[in-house]
Amino acid sequence: MEIVLLGSSGSIGLQTLDVVRKHKMSIAAIAARSDVKALALQAREFKPRCVCVFDEKYYGDLKIRLADTGVKLLVGMAGLCEVAAMECSTVLNAVVGMSGLEPTLAALEAGNRVALANKETIVAGGELVMQLAKVGEIIPVDSEHSAIFQCIRGNNKEDVAKIILTASGGAFYGYNSEQLKSVTREQALCNPNWSMGAKVTVDSATLMNKGLEFIEAMWLFGVSPSQIEVVIHRQSILHSAVEFADGAVIAQLGIPDMRVPIQYALTYPERLDCGHDVKRLSLADVGSLTFARPDEETFACLSAAKKAANKGNNACAILNAANEAAVGAFLQGEIEFCRIAELVVGACEAVKAAESVSLATIYGDSESAKEFVRLKI
């Protein structure tokens, strides 16, 4: 088993390498945006055939660090797409943001299986990606979509009546609009259950993460927006569920640990022992599980995502790009937390989506959305 890992220095990438070490898998290639120190250390440990750094200004540094290894070095989007199209068992795409779209398309065009942790790929380019998914194959890595995938496995997709998508509620569950005005960056980066990167953690706090996953579920499982229900589940034990035509509901449960869905995506259709590193679920110890409806008025990012899903075309790409820009501004201290939703909703209302969906129009509409946010900051 040989794996291409895109986003090797991020949270999902590092947890993927834990799985690789445990099961003595091989790495064909690794890629990261700019962390050349991590890339160099990983290259020496896993001995991939190729290493790619996305940000071109770090290429010289990486070349010096790996000068004695003989490993092939690649750079930029062209490099990401080249490693994604390499012959391998699975391409795990854990790149953050829209830069994950083209490598996903390249991998699928090459007939490679894609373990997808980059939700922006599906949100912004769902139509393009799913057309190619017939050539390759997509196995979701997000805990929620992995759960749905596992619940549907062995059943007819036509029998799916509803997808129940669970959300932790993020750092500010139960807050009202007034309380959100004074929250800090540090508070927003404290997810109650999951260890994730900064952008995803902020998305969890705004409920945009669930909005993006709502759109992702729509594309991955071929359902309409009306067939997806979002439920707040603070314990993050029930990762998601599927209701079938006869009213039966099948759910997937487990202690929160991203290494479990990562491993499943890499080894599908097999299930390997996770060992003692992963805590096993005891329902008696958990005691009780709670569920509630989300507050979409206070956390407007979720309702904005649902509206974009219903609009279709590039509306979701506009939503995604505006959110990337707004979250980036929040993390840089340029705006308050509560302005993220305000800017996203404003962009979705102001930016007119192109009538056709293509890579060019997705990028064009995304840039228009980011420009809207920049001008409003």
*Decide whether Val91 and Val53 are clustered together by the hydrophobic rule: side chain heavy atoms of Ile, Leu, Val, Met, Phe, Trp, Tyr closer than 4.5 Å, transitively.*
no
*Evaluation steps, side chain to side chain contact (heavy atoms under 4.5 Å, CB included), between Leu14 and Asp18*: CA-CA 7 Å; Leu14 294 175; Asp18 282 345; 5.9 Å; no
*Does any non-hydrogen side-chain atom of Cys52 lie less than 4.5 Å from one of Leu73?*
no
*Does the ring center of Phe149 lie less than 6.0 Å from the ring center of Phe221?*
no
*So, do Leu212 and Asn320 sit near enough that their side-chain heavy atoms are less than 4.5 Å apart?*
yes
*Is there side-chain contact between Tyr175 and Thr298, with at least one heavy-atom pair below 4.5 Å?*
no
*Mind listing the closest non-hydrogen atom pair of Ser11 and Gly197 along with its distance?*
CB-N, 3.9 Å
*Tell me yes or no: between the side chains of Glu102 and Tyr363, is some donor less than 3.5 Å from an acceptor?*
yes
*Got a second to check how far Ile255's CD1 is from Asp285's CG, nearest 0.5 Å?*
8.5 Å
*For the pair Arg259 (side chain) and Asp277 (backbone), establish whether a donor and an acceptor sit closer than 3.5 Å, ignoring hydrogens and angles.*
yes
*For residues Met1 and Thr267, report the shortest heavy-atom separation together with the two atoms involved.*
CE-CA, 4.2 Å
_I'd like to know if the side chain of His239 pairs up with that of Gln150 as donor and acceptor (distance under 3.5 Å, no hydrogens or angles considered)._
no
*With a 4.5 Å heavy-atom cut-off, do Met196 and Met258 have their side chains touching?*
no
*Using modelled atom types only, decide if a donor and an acceptor are shared between the side chain of Asn323 and the backbone of Val344 within a distance under 3.5 Å.*
no
*Contact summary for Val357 and Leu128, nearest pair of heavy atoms*: O-CD2, 4.1 Å
_Electrostatic pair Lys119:Glu216 at N-O distance under 4.0 angstrom_ = no
*Is there a chain of hydrophobic side chains (I, L, V, M, F, W, Y, each step under 4.5 Å between heavy atoms) that links Ile138 to Leu359?*
yes
_Euclidean distance, Asp35 CG relative to Ser9 OG, rounded to 0.5 Å_ = 4.5 Å
*Classify the side-chain pair Asn193/Ser236 by whether it contains a donor and acceptor separated by less than 3.5 Å.*
yes
*Residues Glu2, Arg49: salt bridge by 4.0 Å N-O rule*: yes
*Hey, are the side chains of Met218 and Ile228 touching, using non-hydrogen atoms and a 4.5 Å cut-off?*
yes
*asked:* When you compare the side chain of Leu220 with that of Ile148, does any pair of heavy atoms fall below 4.5 Å?
replied: no
_Minimum-distance pair of heavy atoms, taken over all atoms of Met86 and Ala29_ = SD-CB, 3.7 Å
*Please assess Lys370 against Glu367 for the test salt bridge (Lys or Arg N to Asp or Glu O under 4.0 Å), listing each intermediate value before the final yes or no.*
CA-CA 5 Å; Lys370 290 180 179 179; Glu367 185 52 42; 5.4 Å; no
*salt bridge (Lys or Arg N to Asp or Glu O under 4.0 Å) between Glu336 and Lys181, intermediate numbers included*: CA-CA 7 Å; Glu336 299 82 15; Lys181 290 179 181 178; over 6 Å; no
*Side chains of Arg33 and Ser99: do they bring a donor and an acceptor to under 3.5 Å?*
yes
*asked:* For Arg293, is the CZ atom crowded, meaning more than 12 foreign heavy atoms sit under 6.0 Å from it?
replied: no
*Side-chain heavy atoms of Ile27 within contact of Gln42, under 4.5 Å*: no
*I would like to know whether Phe330 and Arg185 meet side chain to side chain contact (heavy atoms under 4.5 Å, CB included); could you show each step before the answer?*
CA-CA 7 Å; Phe330 170 69; Arg185 180 183 185 276; 4.2 Å; yes
*Between Asp55 (side chain) and Lys57 (backbone), is there a donor-acceptor pair under 3.5 Å?*
yes
*Can you find a side-chain donor-acceptor pair between Ser204 and Asn191 that sits under 3.5 Å?*
yes
*Shortest non-hydrogen contact from Cys274 to Arg280?*
N-NH2, 4.2 Å
*Could you state the interatomic distance from CG (Asn209) to CZ (Phe214), rounded to the nearest 0.5 Å?*
14.0 Å
*If you measure from the Lys or Arg side-chain nitrogens to the Asp or Glu carboxylate oxygens, is any gap between Lys307 and Glu349 under 4.0 Å?*
no
*Do Thr361 and Asn314 have side-chain atoms, one donor and one acceptor, less than 3.5 Å apart?*
yes
_Donor-acceptor pair, distance only, cut-off 3.5 Å: does the side chain of Asp159 make one with the backbone of Asn155?_
no
_Quick check against the 3.5 Å criterion: does Glu56 have a side-chain atom that pairs as donor or acceptor with the backbone of Val75?_
no
*Are Asp257 and Lys279 ion-paired here, with the side-chain N under 4.0 Å from a carboxylate O?*
no
_Salt bridge present between Glu45 and Arg21 (N-O < 4.0 angstrom)_ = yes
*Between Glu144 (side chain) and Glu213 (backbone), is there a donor-acceptor pair under 3.5 Å?*
no
*Are Ser226 and Ser224 close enough that a side-chain donor and a side-chain acceptor fall under 3.5 Å?*
yes
*Are Leu101 and Leu80 joined in one hydrophobic group, where the rule is that I, L, V, M, F, W and Y side chains link up if heavy atoms are under 4.5 Å apart?*
no
*Might you point out which heavy atoms bring Ala347 and Ala369 nearest each other, and give the distance in Å?*
CB-O, 4.4 Å
*Rounded to the nearest 0.5 Å, how far does OG of Ser303 lie from CD of Glu296?*
5.5 Å
*Flag if over 12 foreign heavy atoms under 6.0 Å of NZ, Lys22*: yes
*Taking a hydrophobic cluster as the set of Ile, Leu, Val, Met, Phe, Trp and Tyr residues connected by side-chain heavy atoms closer than 4.5 Å, whether directly or through intermediates, do Leu238 and Ile152 fall within one such cluster?*
no
*Does any donor atom in the side chain of Thr104 or Asn93 lie under 3.5 Å from an acceptor atom in the other side chain?*
yes
_Hydrogens and angles aside, do Glu120 and Asn118 bring a side-chain donor and acceptor to less than 3.5 Å of each other?_
yes
*asked:* Same cluster or not: Val345 versus Ile215, using hydrophobic residues (I, L, V, M, F, W, Y) connected whenever any side-chain heavy atoms lie under 4.5 Å apart?
replied: no
*Compare all side-chain heavy atoms of Lys376 with those of Glu342 and state whether any distance is below 4.5 angstrom.*
no
*Can you tell me how far CG of Leu180 sits from CD of Gln187, rounded to the nearest 0.5 angstrom?*
10.0 Å
_Expected output: side-chain Gln179 to main-chain Asn176 donor-acceptor under 3.5 Å_ = yes
*List the steps and the verdict of side chain to side chain contact (heavy atoms under 4.5 Å, CB included) for Val373 and Leu375.*
CA-CA 5 Å; Val373 171; Leu375 292 173; over 6 Å; no
_Side chains of Gln235 and Thr290, donor plus acceptor under 3.5 Å_ = yes
*What about Phe337 and Phe172, are their ring centers closer than 6.0 Å?*
yes
